[in-house]
Amino acid sequence: MRFLLDAEQAEFGRTLGRMLAAADTPAAVRAWGAGDSGPGRAAWRRLAGAGVFGLAVPEKHEGAGLLPIELVVSFVELGRHAVPGPLAETVAAAVLLDRLGDADGLADTWLPAIAAGDAMVSYADLSRGPYALDAATADVTLLVDGDTLRASGGNGPVQPSVDPVRRLTRCAAGAVLASGPAVRAAAAQAADTARLLTAAQALGVGRRLLDDTVAYVKQRTQFGVAIGSFQAVKHRLADVLLALELAEPLVYGAAVELAGASQAGVAGSADATGVGIAMAKVAAGEAAYTAARAALQLHGALGYTDELDLSLWIRKARALRGAWGTPAECRARILPGPASAGAQIFHE
Amino acid sequence: MRFLLDAEQAEFGRTLGRMLAAADTPAAVRAWGAGDSGPGRAAWRRLAGAGVFGLAVPEKHEGAGLLPIELVVSFVELGRHAVPGPLAETVAAAVLLDRLGDADGLADTWLPAIAAGDAMVSYADLSRGPYALDAATADVTLLVDGDTLRASGGNGPVQPSVDPVRRLTRCAAGAVLASGPAVRAAAAQAADTARLLTAAQALGVGRRLLDDTVAYVKQRTQFGVAIGSFQAVKHRLADVLLALELAEPLVYGAAVELAGASQAGVAGSADATGVGIAMAKVAAGEAAYTAARAALQLHGALGYTDELDLSLWIRKARALRGAWGTPAECRARILPGPASAGAQIFHE
Amino acid sequence: MDLELGPEDEEFRQETRTWLASHVPAEPLPSLETAKGFAAHREWERELYGGRWSAVTWPEEYGGRGASLLRWLLFEEEYYAARAPGRVSQNGISLLAPTLFAHGTDEQVARVLPPMARGQTIWAQAWSEPGAGSDLAALRSSAVRTDGGWLLRGHKTWSSRAAFADRAFGLFRSHPGADRPHHGLTYLMFDLAAPGVTVRPIGRLDGKPAFAELRLDDVFVPDADVIGEPGQGWQVAMSTAGNERGLTLRSPGRFTAAAGRLAALWRATADPADTALRDRVADALIGARAYQLSAYAGVARLTEGGTPGAGASLTKVFWSELDIALHETALDLLGPRGELADAAPEAPDHGSWADGWVFALAGPVYAGTNEIQRDIIAERLLGLPKGRR
Amino acid sequence: MDLELGPEDEEFRQETRTWLASHVPAEPLPSLETAKGFAAHREWERELYGGRWSAVTWPEEYGGRGASLLRWLLFEEEYYAARAPGRVSQNGISLLAPTLFAHGTDEQVARVLPPMARGQTIWAQAWSEPGAGSDLAALRSSAVRTDGGWLLRGHKTWSSRAAFADRAFGLFRSHPGADRPHHGLTYLMFDLAAPGVTVRPIGRLDGKPAFAELRLDDVFVPDADVIGEPGQGWQVAMSTAGNERGLTLRSPGRFTAAAGRLAALWRATADPADTALRDRVADALIGARAYQLSAYAGVARLTEGGTPGAGASLTKVFWSELDIALHETALDLLGPRGELADAAPEAPDHGSWADGWVFALAGPVYAGTNEIQRDIIAERLLGLPKGRR
């Protein structure tokens with residue numbers, strides 16, 4: 001056992017981070033929220049060039065194979081740099097299409113395009129809520145409703161999220177693309193993947209909020225000293241670090257489990273993998289929101305302004321906490337009920 | 001409206017406090033826990049002399065009438081001084097017997113004795129749990145089981161509580177003293193009264209823990225300064241004060257409501273009164289436990305020792321939090337369920 | 001000790017309720033942090049004034065009813081329970097007016113208060129500066145003596161309501177040589193349309209211009225608009241700060257109304273088995289009731305000659321954290337629709353939960369951060385030694 | 001990056017499990033904080049030693065197995081999952097032994113470790129003094145030079161296990177004129193039965209004598225029992241303190257086992273509709289799993305040459321607060337029986353939840369209070385400026 005990123009994986013994350021730091025993602029986020037997806041699209045293509053979307057696509061469809069650990073590494077950076085767009089949704093759609101197989105030509109059509117960064121896919125599981133993310137901007141919107149997969153038949157008005165870069169839309173039901181129990185099973189795997197990647201994004205968001213807040217409290221002075229020297233400030237930030245440091249291994253642990261389950265193609269381990277992902281989502285989602293609350297409070301009024309880029313991450317932390325599984329839903333996945341055996345997580 | 005203690009009520013509390021401060025209640029507590037109820041009995045008689053138990057007994061039975069506000073004033077002091085014995089239980093029994101009326105001579109027998117301090121009554125509502133408090137020490141133990149009131153038919157072995165002064169016992173069912181729906185109704189009122197007085201006791205316990213901890217952190221030095229000058233210590237104690245200050249009006253508010261309901265004899269307001277009492281119990285119980293955790297932490301290892309009298313209050317805070325209504329039970333009383341109308345607490 | 005309203009107080013409550021029932025707009029007004037909403041709220045202030053409800057505690061001659069503090073609490077309970085609009089005149093009525101009653105001249109009181117009561121003059125506060133937030137003694141904007149008045153220079157920020165308001169009040173350094181940093185300040189009122197004032201609106205977390213930055217470039221203020229003695233501004237302001245943190249900034253009525261609405265939302269939408277959410281809703285009810293009862297007790301103490309003192313710090317910490325918890329609970333109750341911003345067409349309850357959540361998030365920051373308040377609680381109420389923090 | 005055990009590690013785990021399954025007493029031993037329980041636990045240490053399980057990471061020559069840190073984690077997981085007894089030798093094995101391996105002479109290692117491994121010598125720690133808790137640099141108990149050794153004088157307190165243990169180790173002021181308060185200390189081992197030692201047991205919250213006060217009146221310690229250089233005790237101790245806060249004090253295995261038992265309790269007793277309790281049980285599972293995975297990562301880093309550093313402070317805060325939350329949840333799950341002390345005949349699960357709750361309450365205090373740990377996290381991991389605290 002070696003539960004640490006390989007040198008290559010770690011370097012991949014650093015490379016992405018440097019690339020995104022140079023890409024002025026805050027400007028892309030603000031443009032996206034205002035309805036101009038151009039700069040966001042440009043970032044998206046650079047990410048595809050770096051191989052990010054190929055990590056969700058099997059080799060026979062011109063991807064690198066489904067590589068959950070590398071996806072998590074990427075999504076932590078996507079969160080850290082607040083990249084806009086239906087990121088987890090596009091990967092989830094790739095998982096869904098791959099699992100459904102090529103019968104209808106869907107996978108042949110879309111998977112290579114996803115890997116190449118040419119297809120931005122909005123994807124919603126209507127059992128989870130009525131809204132699709134960025135459907136008005138995406139190249140295609142896929143909707144799962146029970147055991148039916150459809151294309152969107154048209155987008156309603158944009159319903160802005162508390163994170164204004166997340167442009168939610170209700171979609172009309174369009175053409176049926178596939179149906180049957182395989183759709184339901186594939187959608188469950190897609191949702192688990194989206195949940196894990198949302199957790200990873202949240203982790204990156206939390207890290208960024210902590211870094212920026214630490215930098216701020218070192219230089220902001222009140223009463224003649226840096227506010228970072230006040231014990232109340234120190235302890236609050238220590239608690240944020242603690243939450244992030246303990247969420248991180250859960251996120252990577254779930255990625256390792258998902259990688260194992262994907263390689264083995266084992267359906268039997270899906271339950272345990274789903275539990276691990278649910279744990280990661282609770283911990284990362286709450287850690288990011290804790291970081292956001294601390295960032296807001298310790299920046300004072302400055303942290304409450306839309307003008308400061310910090311707000312991009314504060315708002316995102318709230319939205320990601322609920323996306324693809326609220327804390328309550330995830331806890332229910334961990335302990336489905338005393339009557340059910342559920343997964344025993346530890347020896348009982 | 002004048003939601004403040006009258007001068008007389010406030011003075012009554014101060015007088016009791018002075019009396020108990022002089023009575024070395026910690027020694028009585030330790031003796032009681034070791035099975036020697038002598039010093040506790042002596043304190044009990046002094047309390048009766050000061051009129052405390054008469055506050056639970058109607059005038060026709062040689063009491064002062066049921067006076068919930070004055071009872072709450074007393075029980076805050078009983079908590080502050082950690083007085084041992086089945087205090088809330090004796091008052092609850094008085095309420096029960098009074099409500100049942102004199103048909104069987106029970107009220108005639110026991111109420112004057114309770115008022116005079118000659119009867120220490122253990123009382124358990126078996127729907128709430130199997131144990132009676134201090135049954136082995138009490139002069140009589142009353143047990144309600146549904147709509148039947150019985151005397152104890154014998155005590156099992158003492159089951160020490162986490163608060164060792166609370167000597168719990170399982171009792172055998174003895175002679176039936178009364179039965180029928182009136183028993184159930186009277187028991188509900190008795191339980192509400194016991195819950196309110198337990199909240200009042202918890203409030204007193206919390207106040208004492210805060211006072212003692214504030215005094216300690218002012219004189220204990222580490223790193224060359226009083227530890228009370230550290231911001232982490234200050235903020236923790238500020239939070240304790242906050243919890244207590246906001247619990248207090250809930251406790252007195254519920255007493256005022258209970259006094260109104262008692263005087264009016266209105267059954268219709270029982271629901272609203274019960275909700276107010278449940279709110280008081282949650283807030284006071286949690287505030288006292290918060291105070292206990294802070295006291296323990298800020299006293300360091302000293303706070304963790306049985307030797308320091310502080311432990312008497314730390315342990316009591318935990319036990320009172322659950323007694324006569326856990327936080328979960330009380331919250332369920334406040335919001336019984338969406339289907340039920342429940343009591344509307346504020347305009348909805 | 002009782003909780004019974006006397007017949008006259010009960011009558012006052014009924015009169016309030018009746019008036020509100022027939023006057024509160026059926027549809028909520030647009031957000032008061034927008035130009036359109038600001039105008040609509042100003043109009044509403046005029047309507048309140050018409051019923052003599054805009055400042056019930058003021059003497060009748062200034063547009064009030066001479067209501068007791070208890071009646072003010074009752075008014076606030078009824079007001080928010082009726083879902084009446086937010087108060088765009090809040091800064092003036094709860095911060096500036098008490099200062100004027102305490103320190104203003106007769107002329108100032110007579111000139112400033114009636115248009116404030118009518119919603120004709122809306123006031124903004126101008127306390128903070130980029131380098132002076134929690135540490136108000138570090139203020140640097142200056143008031144320089146000139147013929148018949150003062151010239152203001154400098155840079156104020158986080159000025160609530162200033163994006164659309166008419167006038168502002170704040171502290172300026174008038175005697176730079178004073179011996180201590182919080183000496184030598186002067187409390188002034190000035191016109192936001194005066195020559196030399198540049199107002200730049202600042203968006204809050206959801207983008208609405210809830211506050212503004214003020215650049216002041218030799219803005220003339222006549223002596224008549226100095227409150228109290230020049231150089232004594234700190235002492236004058238402290239009485240306002242006390243009010244700000246106390247009851248009048250966020251009355252219990254706001255929270256009893258919000259908790260009631262939360263309970264209704266829970267009854268309407270929650271899974272009855274979800275005790276985790278039930279417990280949080282119950283805690284919001286408990287918190288609101290505790291604050292309400294605590295205010296009744298506080299009013300009784302004040303009526304008998306007590307002072308709010310550092311107790312106002314307790315209150316401020318309490319309601320600001322209650323407000324966040326209450327709104328977070330609502331968003332969690334709403335499920336997927338809880339993510340919608342108040343501007344979303346499908347936002348539940350006209351977006352009031354989303355808007356309330358954003359509003360609540362600022363609570364622990366403004367009017368003295370909760371960190372400072374906890375220091376005050378520990379030092380003044382518990383007597384702990386002052387540390388370096 | 002993986003979570004797969006290699007075949008040899010898996011074999012080690014299986015061997016551990018098999019041995020424990022046939023050796024762990026069917027009935028829990030009496031509490032190790034009582035005289036009877038202490039003796040029973042000492043006996044159990046001897047049995048562990050018989051299987052070479054008492055100190056698996058030590059070299060074979062001292063009774064260990066030369067196990068890797070990963071195997072130690074696996075051993076701990078199996079050990080607590082099997083509900084094996086608490087470790088009465090913990091102080092010696094996790095605090096003193098690492099210090100000896102780092103700073104002891106060959107003679108000391110050879111003399112001290114084998115009887116420690118056998119449970120023959122049980123060690124107590126003697127750090128704190130009445131005036132020196134968090135502030136260890138304020139130690140005043142002295143070691144005065146004498147022929148062939150040192151004479152200890154002073155007063156130690158909160159000495160864990162000292163009520164029944166054989167020997168103790170601690171810091172003493174040997175060079176009172178040193179330039180800084182944490183200079184001039186010496187790290188010594190001494191016999192609790194030596195002339196001049198008075199042991200007064202102190203009851204913890206539930207009355208059990210979990211620690212003791214030591215009065216030292218010219219207690220002779222030979223030079224052979226000084227660890228490291230005289231006067232360098234602080235540096236020697238800091239390596240031990242690092243260990244204390246790190247993994248070895250409270251391994252993840254304790255918490256994965258406790259969380260598993262909590263989940264079982266919930267499945268057996270909880271109302272399925274009670275999501276409030278479910279969420280708390282789920283959070284205990286999440287916390288235990290997070291600590292487990294974090295330890296796997298930490299072990300991989302250490303194996304590749306990293307150091308625990310201030311990360312040990314994060315760990316200490318985390319598990320100590322997890323432990324309390326986990327046990328509070330259990331007590332709440334148990335309803336009325338949750339109030340029973342572990343000594344009550346009807347206490348559920350042999351009183352282990354009540355005992356565990358009392359034990360957990362001390363967690364945020366010992367081994368460096370959590371307040372101090374949070375200061376360390378902020379200053380060393382986040383680089384925030386040192387304040388006066």
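Naming convention: chains lettered A, B, ... in sequence-line order (proteins, then strands); numbering from 1 in each chain. Computed from heavy atoms alone, side chains included, the values below leave out hydrogens, waters and symmetry copies.
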Quiz item: For Ala332(A), is it the side chain, the backbone, both, or neither that has a heavy atom closer than 4.5 Å to a heavy atom of chain D?
Solution: both

Quiz item: Only one of Asp239(A), Leu241(A), Leu237(A) clears side-chain contact (heavy atoms from CB on, under 4.5 Å) with Ile377(D); which?
Solution: Leu241(A)

Exercise. Count the heavy-atom pairs under 4.5 Å between each of Asp9(D), Leu262(D), Leu381(D), Thr256(D) and chain A, then report the option with the highest count.
Key: Thr256(D)

Quiz item: Do the side chains of Glu245(A) and Phe318(D) get nearer than 4.5 Å, heavy atoms only?
Solution: no

Self-check item: Residue, of Lys218(A), Arg236(A), Glu248(A), that accumulates the most heavy atom pairs under 4.5 Å with chain D
Solution: Lys218(A)

Quiz prompt | Beyond-backbone contact of Glu77(D) with His347(A), side-chain heavy atoms, under 4.5 angstrom | solution = no

Exercise. Find out whether Leu335(A) and Arg267(D) are in side-chain contact, i.e. whether some heavy atom of one side chain is under 4.5 Å from a heavy atom of the other.
Key: yes

Quiz item: With sequence neighbours left out, what residues match Arg301(D) under salt bridge (Lys or Arg N to Asp or Glu O under 4.0 Å)?
Solution: none

Quiz item: Only one of Asp2(D), Leu293(D), Leu70(D) forms a side-chain contact (heavy atoms from CB on, under 4.5 Å) with Phe3(A), so which one is it?
Solution: Leu293(D)

Quiz prompt | Contact origin within Ile69(A) toward chain D - heavy atom pairs under 4.5 Å | solution = side chain

Quiz item: Which is it for Gln231(A) and Arg374(D) under the side-chain contact (heavy atoms from CB on, under 4.5 Å) test, yes or no, and what are the steps along the way?
Solution: CA-CA 9 Å; Gln231(A) 202 179 27; Arg374(D) 285 189 164 89; over 6 Å; no

Quiz item: Between atom CG of Leu5(D) and atom CE of Met1(A), what is the distance when rounded to the nearest 0.5 Å?
Solution: 4.5 Å

Quiz prompt | Where Ala328(A) and Arg278(D) come nearest, the two heavy atoms and their spacing | solution = O-NH2, 3.4 Å

Quiz item: Is Glu8(D) atom CD crowded by more than 12 heavy atoms from other residues, nucleotides or ligands, each under 6.0 Å away?
Solution: no

Quiz item: If you take all heavy atoms of Pro385(D) and Ala226(A), which pair is closest and at what distance?
Solution: CG-CB, 4.3 Å

Quiz item: chain A heavy atoms under 4.5 Å from Val299(D): which part of the residue, side chain, backbone, both or neither?
Solution: neither

Quiz item: Using 4.0 Å as the upper bound for N to carboxylate O, is an ion pair formed by Asp283(D) and Arg331(A)?
Solution: yes

Quiz item: Does some side-chain heavy atom of His235(A) sit less than 4.5 Å from a side-chain heavy atom of Glu371(D)?
Solution: yes

Practice problem: Side chain from CB out, backbone as N, CA, C, O: work out which of these in Ala288(D) comes under 4.5 Å of a heavy atom of chain A, or both, or neither. | Solution: both

Quiz prompt | Heavy-atom closest contact (Ile286(D) atom, Ala283(A) atom, distance) | solution = CG2-CB, 4.3 Å

Exercise. I would like to know whether Asp375(D) and Lys234(A) meet salt bridge (Lys or Arg N to Asp or Glu O under 4.0 Å); could you show each step before the answer?
Key: CA-CA 7 Å; Asp375(D) 285 347; Lys234(A) 286 182 182 177; 5.3 Å; no

Quiz prompt | Closest contact, heavy atoms only, Ser294(D) versus Leu246(A) | solution = CB-CD1, 4.1 Å

Practice problem: For residues Val214(A) and Leu382(D), report the shortest heavy-atom separation together with the two atoms involved. | Solution: CG1-O, 3.4 Å

Quiz item: Is the closest side-chain heavy-atom distance between Gln292(D) and Phe346(A) below 4.5 Å?
Solution: yes

Quiz prompt | Euclidean distance, Leu285(D) CG relative to Ile345(A) CD1, rounded to 0.5 Å | solution = 4.5 Å

Quiz item: Can you tell if the side chain of Met1(D) reaches within under 4.5 Å of the side chain of Gln9(A), non-hydrogen atoms only?
Solution: yes

